[in-house]
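Start at 1 and go down the list; that is how both ligands and their atoms are numbered. If you're wondering where the values come from, they're calculated on a predicted model, not measured in any experiment. Just the heavy atoms: all of them, side chains too, but no hydrogens, waters or symmetry mates, feed the values below.
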Amino acid sequence: MSKDNLIIFDTTLRDGEQSPGASMTRDEKVRIARALEVMKVDIIEAGFPIASNGDFEAVKAVAEVIKDSTVCGLARAKQIDIERAGEAIKPANSGRIHTFLATSPIHMEHKLRMSPDEVVDAAVKAVRMARKYTDNVEFSPEDAGRSDPDFLCRILEAVIKEGATTINIPDTVGYNIPHQFGALIKDLMERIPNSDKAMFSVHCHNDLGLAVANSLSAVLQGARQVECTINGLGERAGNASLEEVVMAVRTRQDVFPCDTRIDTTQIVSCSKLVAGITGFNVQPNKAIVGANAFAHESGIHQDGVLKSRETYEIMRAQDVGWSTNRLVLGKHSGRNAFKTRMSELNIDFSSAEELNEVFARFKTLADKKHEIFDEDLQALVTETALETENETIKLVSLHVCCETGETSRATMTLNINGEERKAESSGDGPVDACFKAIEKLTGTGVKLQLYSVNAITPGTDSQGEVTVRVEKDGYVVNGQGADTDIVIASAKSYINALNKVVRNSGKTHPQLGDV
Ligand code: KIV
Ligand code: ZN
């Protein structure tokens, strides 16, 4: 019996980006979108174009480069949002507008201050407007998980009649329980007279840790699109994790009447790319993509796996992209070996200059470090991308002095808007001294919310990957930097965050505000 296709709608670049501090630049979004396309994601929700000019440009840039996945822009049920989303997705081979409006009593009364009749009317108008830009229109009744099913039937029948081709049921606040959420999907599909004219989709948040379970329960009851994110990134506790949904369905084909088109061997590299760009590290015990997901520590387990892998493993590590024989490069590796490995990691260069630039950085790193692992190569590309994006502030040089019993001192030279400036500062340790020197030179007044160092690979010569999160006037951004010297990596990450603060102004949040 042939299986149904389960559509994977990835919203890492939109809902994922709504995690405080996970905001991404246009170029970062394009890099992730390319990786999602290679992974064969069906639909990429690239952003919320009305939020800011930067968001609009990012969705447009993704629409321009992505050829094999549909590119989607989010819009509230407002004319101005829909026009902006329609403009942004115009260059796409295949574009979708996703419009939404809240339907739960609590949202209609307190957030929208609209009556149910007004909500139906606005939803229908929004779908009608969106259809002027594309015949691929998705409608979401926000907070459907706490909405009255009778009202959902009414509004969804009306928007399908108006031409909505996908109906997405969000559990916006992560309140639902699997059997109940599955039953809701079944009930809606059975009771809405024109439900066969639309694809039913689900979008679950993870506040109770049930986002994946709720999504899978809905799939068993007939939903054929799941909205999810890489590493489960997303608002608050996050969204359903793409890798968990995809691997559950693929591994349990005895249970599911459908399968996805996803090339699962791309999962780990995509997860690392998203973690690197957003600075949201993956916990070691995270299913599928955590560093320990396929590690067998206990002697009994190791013995079992060596005798027969199936004793303790239900999936093969290489099927999700954990490479078994990862090639290690070193300072004698030539351009060809470098390029081949990069291409195996799905990192392609848009020009010879870009290749030369990253290759030169590879050589510098190989001089400091004997063995270069895949993780180092990925960090090199992130690093190059960070530095080539119009940066107002650049690190020129750093001199740090630290000694037992003495106050650390940092002397820092930065290039700010083309002009070199130098400052000295002391601090409680070299990193503190360094950040104070940067602050002296830039005077941004940001507040540091998070500082974390992670060794990219094994060994004391490993590159340290530093993530900082800073806040300015309620706007939160992450910065990253990598280097074999963790003080330099720290300076790079702080500068990277400050550049983002300088570049971006506050953005509109899609789920705040009225229609
Ligand atoms: O969680 C939610 O309800 C959303 C909507 C915009 C679909 O993200
Ligand atoms: Zn959401």
Side-chain angles (χ1 to χ4, degrees), residues 7-20 22-23 43-51 55 59 72-78 81-82 84-85 96-108 110-112 119 122-123 126-127 130 137-147 151-152 155-156 159 164-176 181 184-185 188 198-212 214-215 218 223 225-242 245 507-515:
I7 294 173
I8 293 296
F9 176 114
D10 180 277
T11 182
T12 307
L13 303 181
R14 197 279 297 170
D15 219 327
E17 203 201 17
Q18 284 174 220
S19 317
S23 68
I43 299 152
I44 299 171
E45 187 165 53
F48 177 47
I50 195 72
D55 267 49
V59 177
C72 177
L74 182 72
R76 289 168 299 189
K78 270 180 153 188
D81 284 38
I82 292 167
R84 205 76 177 131
R96 170 181 293 191
I97 294 179
H98 174 193
T99 185
F100 71 99
L101 188 56
T103 50
S104 62
I106 187 163
H107 276 234
M108 289 192 289
H110 298 289
K111 182 175 96 167
L112 301 176
V119 168
V127 170
V137 175
E138 172 170 327
F139 176 77
S140 293
E142 190 194 355
D143 203 16
R146 292 188 300 170
S147 299
F151 182 58
L152 285 176
I155 191 167
L156 296 179
V159 293
T165 44
T166 298
I167 294 298
N168 177 48
I169 307 299
D171 180 17
T172 304
V173 291
Y175 177 70
N176 284 235
F181 193 62
L184 172 68
I185 302 304
L188 294 175
M199 171 72 63
F200 272 69
S201 163
V202 287
H203 173 116
C204 298
H205 279 271
N206 207 29
D207 300 67
L208 293 173
L210 292 171
V212 170
N214 282 337
S215 305
Q225 173 178 293
V226 173
E227 302 200 352
C228 43
T229 57
I230 300 292
N231 300 339
L233 201 65
E235 285 262 18
R236 305 180 310 277
N239 288 61
S241 124
L242 178 147
V245 169
K507 299 203 288 185
T508 309
H509 187 290
Q511 283 143 300
L512 291 177
D514 48 18
V515 278

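- To the nearest 0.5 angstrom, Leu101 atom CG is 10.5 Å from Ser140 atom OG.
- Not a single heavy atom of Glu235 sits less than 4.0 Å from an atom of ligand 1.
- Under 4.0 Å is where a charged nitrogen must lie from a carboxylate oxygen, and between Arg76 and Glu142 no such pair does.
- When all heavy atoms of Tyr175 and Arg146 are compared, the closest pair comes out as CD2-CG, 3.6 Å.
- Heavy atoms of Arg14 found under 4.0 angstrom from ligand 1 belong exclusively to the side chain.
- With sequence neighbours excluded, the residues forming a side chain to side chain donor-acceptor pair (under 3.5 Å) with Thr12 are Asp10, listed by chain and number.
- Polar contact check, Ser140 against ligand 1: no nitrogen or oxygen pair lies under 3.5 Å apart.
- With sequence neighbours excluded, the residues satisfying side chain to side chain donor-acceptor pair (under 3.5 Å) with Asn231 are Ser271.
- Each of the atoms 3 (O) of ligand 1 lies under 4.0 Å from some heavy atom of Glu142.
- Residue contact check: His203 has heavy atoms under 4.0 Å from atoms 1 (O), 2 (C), 4 (C), 8 (O) of ligand 1.
- Residue Asp15 touches ligand 1 through its side chain alone, judged by heavy-atom distances below 4.0 Å.
- For Glu227, the closest heavy-atom approach to ligand 1 does not fall below 4.0 Å.
- In this structure, CD1 in Ile97 is found 10.5 Å from CG in Leu74, a value given to the nearest 0.5 Å.
- Side-chain contact annotation: Glu138 with Thr166, donor-acceptor N/O pair under 3.5 Å absent.
- Taking every heavy atom of His98 and a limit of under 4.0 angstrom, the matching atoms of ligand 1 come to 7 (C).
- Legend: residues meeting side chain to side chain contact (heavy atoms under 4.5 Å, CB included) with Ala126, ordered by chain and number and at least two apart, are Ala77, Ile82, Thr99.
- No N or O atom of Asn168 sits closer than 3.5 Å to an N or O atom of ligand 1.
- Side-chain N/O atoms of Thr229 and Asn239 include no donor and acceptor closer than 3.5 Å.
- Side-chain contact between His205 and Asp15: present, with at least one pair of heavy atoms (C-beta onward) separated by less than 4.5 Å.
- Of all protein N/O/S atoms, those lying under 2.8 Å from the Zn ion (ligand 2) come to 3.
- Checked against a 3.5 angstrom limit, the closest N/O atoms of Thr172 and ligand 1 fall inside it.
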Just do the side chain to side chain donor-acceptor pair (under 3.5 Å) check on Asn214 and Asn176 with the steps written out, would you?
CA-CA 7 Å; Asn214 282 337; Asn176 284 235; over 6 Å; no
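- At a 4.0 Å heavy-atom cut-off, ligand 1 touches His205 through the side chain alone.
- At the top of the distance list for atom 2 (C) of ligand 1, counting protein heavy atoms only, stands Gln511 NE2, 3.1 Å.
- The closest side-chain donor-acceptor pair between Ser104 and Asp143 falls under 3.5 angstrom.
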